[in-house]
Structure formats: C-alpha cells, structure tokens
Protein chains: 2
Amino acid sequence: MAADSQLHHEIQGRLQQIDQLYTRGRQSIVEALVEAGSPITLPELLGRAPNLTQSSAYRNLAMMEEAGVVRRLVHSTDHAHYELAEDLTEHHHHLICRQCGLIKDVTLDKRLERTLDTAFDKLAADAGFQPDHHDIDVFGTCADCAGT
Amino acid sequence: MAADSQLHHEIQGRLQQIDQLYTRGRQSIVEALVEAGSPITLPELLGRAPNLTQSSAYRNLAMMEEAGVVRRLVHSTDHAHYELAEDLTEHHHHLICRQCGLIKDVTLDKRLERTLDTAFDKLAADAGFQPDHHDIDVFGTCADCAGT
DNA sequence: TTGCTTGCAAATGATTTGCACTGCT
DNA sequence: AGCAGTGCAAATCATTTGCAAGCAA
C-alpha cells in the first residue's frame, strides 16, 4: 500500500510536469494496470475499470504515454497492449504466446543486461545510432496452449 | 544473380508446400523486399513495385507470411513493416529510429546470441513457455535525425 | 477449360476527434 | 464563472473482403 501511494504520487508529479491533473479516471487506469500485473489491451482495461469510457481511456493512455507513465506495446495486428512505464516498475522483457497472445514479463540477470547494453551501444554507434532503450520479445507457446 | 535465382527457387518451393503459385506479382513483392534491403511499409512496397495493387499486395504478403517467406513487423501505430523471413536472409535484430521510423538491420556476434538463447530458454522454461524465436529491437535516434 | 489470382470498390475494426456537458478550483 | 476532462457519436485510416474479370497450368 505504501508502495502504491508512492507510485500514485510519482505519477501525479509526472502529469503535473505536462500540466495535467491526476483525475479519478486516470487513477482508475493506473490501478487497473497495476492490478493486471502484465500488459493488457484496451478492452481488458475497460473490463477491469467499467467506469471508464473507451474514448477517454484512449485519450488518457495517449496522454500518459506522453508523460512517461504508461507504455504502449504493439506486437500483433489487433489490440495494442499497455503497461506502466518501465521506470515505474522494473526493466523487463516479454514472453509472448503465439497462440493466445498472452504476454508475460520476465527479467534477465544484471550481468547479462550489462553485456547486452554494451553490445548494443557498440552496434548502434557503428550504425550512427544513438540508442536509448532496448526491447526483447521471446515468442513461443505458453503452458496452456502447449496442452492443446 | 545466382544467389537471387536460388532465393526465388527456394521461395517457390515454400509456396508450393501450401499449394500456391509463385506468380509475377508475388515475385515483384519479393524483388522489392530484396532491393529495399531493410523492412519497408506497404506504401513503400507499392512505390517500388507500381504494378502491384494494394489489396493484392496485402493478400500476398499475408499468404507469404503463412508460407514462411516474409515476416511482418509491427512497431508503431501506423504502417507495419515487411521483410523476408529470417531463414531466407540471416538472423538479425533491429535498430529503430524514434524520430523517423527508420529500421536498420544489425547482427550480434554468435557467442552473444548463444548466450542469449541459453538465457531465454531457461527463463521460458521457468515460466512454462516453449520459446521458438526472439526479437531484439534497439530504439534510439538515427544519424540523420540526431542532426536535427 | 477451370480454377487460382487480381483489381476494384465497399466493408471492417481499432483508434481518433468534434462538440456539448459536467465538475473542479 | 471558467476551463480542463468526459462521454457520446461521427470520422479516420490501415487492413480485409466480395465479386467479376484475367491469367496460368
């Protein structure tokens, strides 16, 4: 709970920086994302917070992405998935089930992450890129779908 | 040239396996992807092969994705990008410019790839996943946009 | 011929937007 | 009162699909 109110406070701060209020509806979105625990789609979000309206949810998610509060993931043709920004949670990657679309968060060990960052920095530099973030998605079949 | 006709032959084989012909239009798509050298969007594809029609291009790309000939990348809200399947080219990852959307292919060294695969297999196993592929996208700013 | 492919135009579905209304401050 | 936020309904835009006509085996 303490961690939660800390989170809400931090978020309010980030919204303030772009002159936005942390309204009840926006809090509902954040709470739904926290409770979900992994990236969810807009319909899923509305299911978890029925007080929300589709258009406002889209609007607020877009605004909060601006504010660095949420992140939008696009892996498939249909619904994008949303999760809290990484620096509000933890640096992590995704295990994605090709069958059902389930997305599971996973973390790599620090040493390996450091190795990767070094490798990416070098690669990017060679290509004239200035890297600022990396995503790793591992595709496969989840336990449920494997049993099909 | 030799490598190219080899490629076309291989592709024709893959299409045959799902009872599809390697028609002129489909060849145009593949040629455009080869010439592009990096993932391109549908409008870009049509620009490179003006003989193509939008709907047929979409249809054929979808079918060729089925056949394991092309891959569809979805990183942003707008147009998806298409590239040849990895086993027709080479295992690689993407450097993506946040400003202009440019996507550049890069490869990691074999040793690091092996380390990663091992790590992912372990992670996935712990989560009950059966992994079959990984994508790594490095986001940042490309040389052109950095000069803005 | 005999279907598989194509092109055109219309449909679909996620996301966005206009506008009038509600609720803070 | 005054303006940011919301909900509703209509608009967008990438992608998909139905159908009639063209092309390859």
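Sequence lines set the chain letters: A, B, ... in the order given, protein chains first and strands last, and positions in each chain run from 1.
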| Under 3.5 Å, is there an N or O donor on one side and an acceptor on the other linking the side chain of B:Arg59 and the base of C:dG7? | yes

| Pair A:Asp87 + A:Arg14: basic N to acidic O under 4.0 Å | yes

| query | Base, sugar-phosphate alone, or nothing: which one does A:Arg24 contact when heavy atoms must sit under 4.0 Å apart? | reply | nothing

| Under 3.5 Å, is there a donor-acceptor pair linking the side chains of A:Asn51 and A:Ser28? | yes

| request: Round to the nearest Å and state the distance from A:Arg72 atom CZ to C:dT15 atom C1'. | output: 7 Å

| note | A:Leu42 atom CG is separated from C:dG13 atom C1', nearest whole Å, by 13 Å

| field | Between P of D:dG7 and CG of A:Leu52, the distance in whole Å | value | 7 Å

| said: What's the closest nucleotide to the side chain of B:Arg26 if the choices are C:dT5, D:dT16, D:dG7? | reply: C:dT5

| message | Let me spell it out: for each of B:His79 and B:Leu21, pick the nucleotide of DNA chain D with the closest heavy atom. Which residue's pick is nearer the 5' end? | response | B:His79

| note | A:Asn60 atom CG is separated from C:dT17 atom C1', nearest whole Å, by 14 Å

| Expressed in angstrom and rounded to an integer, what is the separation of B:Leu46 atom CG from C:dT6 atom C1'? | 14 Å

| Taking atom P of C:dT5 as reference, at what distance in whole Å does atom CG of B:Leu61 sit? | 15 Å

| message | Taking any heavy-atom pair under 4.0 Å as a contact, classify B:Ala80: base, sugar-phosphate, or nothing. | response | sugar-phosphate

| field | 5' precedence on DNA chain D between A:Gln20 and B:Thr77 (nearest-nucleotide basis) | value | A:Gln20

| Distance, rounded to the nearest Å, where B:Tyr22 contributes OH and D:dA25 contributes P | 14 Å

| query | Is the shortest side-chain N to carboxylate O distance from A:Arg71 to A:Asp135 below 4.0 Å? | reply | yes

| request: For the residue pair A:His94 and A:His81, confirm or rule out a side-chain donor-acceptor distance under 3.5 Å. | output: no

| said: Between B:Gly25 and B:Gln54, which residue's closest nucleotide on DNA chain C lies nearer the 5′ terminus? | reply: B:Gly25

| task | Would you kindly check whether a donor in the side chain of A:Thr23 faces an acceptor in the base of C:dC24, or vice versa, at under 3.5 angstrom? | result | no

| field | A:Gln27 and A:His8 side chains, donor-acceptor separation under 3.5 Å | value | no

| request: Quickly work out the B:Tyr58 OH to C:dG7 P distance and round it to whole Å. | output: 15 Å

